[in-house]
Protein chains: 2
Amino acid sequence: MKTVYERADIVPLLAEIFRELGYEGATLSRITERTGIGKGSLYHFFPGGKEEMAGAVLADIDGWFEEAVYRPLRNDDARQAIAAMWLNVADYFRSGGRICLVGAFALDGTRERFSAAIGDYFIRWIEALRSALMRAECAEREAQTLAEEGVCGIQGALVLSRALKDEAVFTRSLETLAKRLEAATR
Amino acid sequence: MKTVYERADIVPLLAEIFRELGYEGATLSRITERTGIGKGSLYHFFPGGKEEMAGAVLADIDGWFEEAVYRPLRNDDARQAIAAMWLNVADYFRSGGRICLVGAFALDGTRERFSAAIGDYFIRWIEALRSALMRAECAEREAQTLAEEGVCGIQGALVLSRALKDEAVFTRSLETLAKRLEAATR
DNA sequence: TTATCAGTTTACTGATCGGTACAAGATTTC
DNA sequence: GAAATCTTGTACCGATCAGTAAACTGATAA
């Protein structure tokens, strides 16, 4: 008996492992152990090894955010898209129970390896949010500050709720942020 | 010829290495390589190995914050202590060029190893800031929210400025936070 | 049936991991 | 200056690291 995978099935499994253990902590043996996928299969799909695996995970995350968050922020009704962002983000990060892999990679030596992808992710998020804020009748300077503050606050909330093992901190922080941005678009 | 160290000299060197590489990324060989301190000396001062080294670093960080930030927030003139906090924090984190090791540890599997120290660090920071805010004539509920928001914002600013390799983001975020807290104590 | 081929399994490699043992050098104590 | 104590350098340990090689499996298709 043998189980057959395809690349698209493996990426989300890898994502969860990198999230829990970090790039350096996610050893090949821990990956095979947790996924049940042998080294042979992993290197078949990701000949570049661990670095290619993490790269695929980052690309997958980027794709999800582009579709579910950035694009609506850029194109849809501004206030509605911002409201949807808070819901999607709270859902995606499981109310703080799940971390942002891109943010985690930014903090240690892994940043050097993926600096382009990491920078892109945040720049595009901030830019998309700024665009939505401006369409919602927010002054240009204020929109930039608020966009940065929003993304910044989400990252901080993830660190804090993880450190305190308290999802309420995350939920509360997001609510405060949402109110502040909403107030600026009235 | 041989160089002689003592524990207190080694801890800051270790801190910088853990900051740059993370717990898993900081291997014994990289530590000896960067510090020039041999394994023999390292295990002489830290018989518990890498875990004891990281523990000592966390204790050192905690001590610095207790003295330079928490204590003034709890005991000194409230508004003055808060103003001093922003300056000390900007200085300590080198305007975003240096990360918060406690926050970084909170994000990956290292959290499990040091969860007590990590939780303590943030709880005491928030509590001290809340105490200062309340002495500065801030409503009880608002003080709690603002204290969380302040610490949360600092952590987020570190992630963001690191990801974007842009210290200006850090400086700007801190200014925005400082203004918001100041406004609530008028 | 047979050839092909994506995907899996297993066994293996050399390098590096965290950690130990211990002798030699340096410092303090008397 | 000798003894005792602290500190360091070196060699080493078994375990695990990322990565490779190749035989094997099962499905597809001629």
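We name chains A, B, ... by the order of the sequence lines, and we start the count at 1 in each one. Quick caveat: nothing in here was measured; it's all calculated off a predicted structure.
In the hydrophobic clustering of ILVMFWY residues, with side-chain heavy atoms under 4.5 Å counting as a link, B:I126 and B:W64 come out together. By the criterion of side-chain heavy atoms lying less than 4.5 angstrom apart, applied directly or through intervening Ile, Leu, Val, Met, Phe, Trp or Tyr residues, A:L87 is not grouped with A:I154; the two fall into different hydrophobic clusters.
If you measure from atom OH of B:Y43 to atom P of D:dT10, you get 18 Å, rounded to the nearest angstrom. B:L42 has its CG atom 10 Å from the P atom of D:dT8, to the nearest Å. Spacing between atom CD1 of B:I37 and atom P of D:dT8 amounts to 8 Å, rounded to whole angstrom units. The CZ atom of B:F46 sits 12 Å away from the P atom of D:dT7 (whole-angstrom rounding). If you measure from atom CG of A:L14 to atom P of D:dA18, you get 13 Å, rounded to the nearest angstrom.
Within 4.0 Å (heavy atoms only), A:G49 reaches sugar-phosphate atoms of the nucleic acid but no base atom. When heavy atoms are screened at a 4.0 angstrom cut-off, B:F45 is found touching the sugar-phosphate backbone but no base atom.
Atom CD of A:E52 has more than 12 heavy atoms from other residues, nucleotides or ligands within 6.0 Å. Residue B:E140 places its CD atom among 12 or fewer non-hydrogen atoms of other residues, nucleotides or ligands, all under 6.0 Å distant. More than 12 heavy atoms of other residues, nucleotides or ligands lie within 6.0 Å of CD in B:E16, so this atom counts as buried by the packing criterion. Counting non-hydrogen atoms of neighbouring residues, nucleotides and ligands closer than 6.0 angstrom, the CD atom of A:E67 reaches no more than 12 such neighbours.
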Set out, in order, the CA-CA distance, both residues' side-chain angles and the distance that settles salt bridge (charged side-chain N to carboxylate O under 4.0 Å, His left out) for A:E127 and A:R130, then state yes or no.
CA-CA 5 Å; A:E127 172 54 29; A:R130 191 185 68 83; 3.1 Å; yes
In dot-bracket notation, what is the pairing pattern of DNA chain D, taking Watson-Crick (N1-N3 plus N6-O4 or O6-N4) and G-U wobble (N1-O2 and O6-N3) contacts under 3.5 Å, with [ ] crossing and | for other strands?
||||||||||||||||||||||||||||||
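Residue A:H44 places at least one side-chain N or O closer than 4.0 Å to OP1 or OP2 of C:dG7.
Between A:R79 and A:A136 the shortest heavy-atom distance is CG-CB, 3.9 Å.
Residues passing the salt bridge (charged side-chain N to carboxylate O under 4.0 Å, His left out) test with B:R172 are A:E148, sequence neighbours excluded.
Between A:P47 and B:I10, the residue whose closest nucleotide on DNA chain D is further toward the 5' end is B:I10. Checking B:E6 against A:G48, the closest nucleotide of DNA chain D that is more toward the 5' end is the one next to B:E6.
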Kindly give the atom pairs (protein nitrogen or oxygen, nucleotide nitrogen or oxygen) under 3.5 Å for nucleotides 13-17 of chain D.
residue: D:dC17; atom: OP1; partner: A:T27; partner atom: OG1; Å: 3.1
residue: D:dC17; atom: OP1; partner: A:S29; partner atom: OG; Å: 3.4
residue: D:dC17; atom: OP2; partner: A:S29; partner atom: OG; Å: 2.4

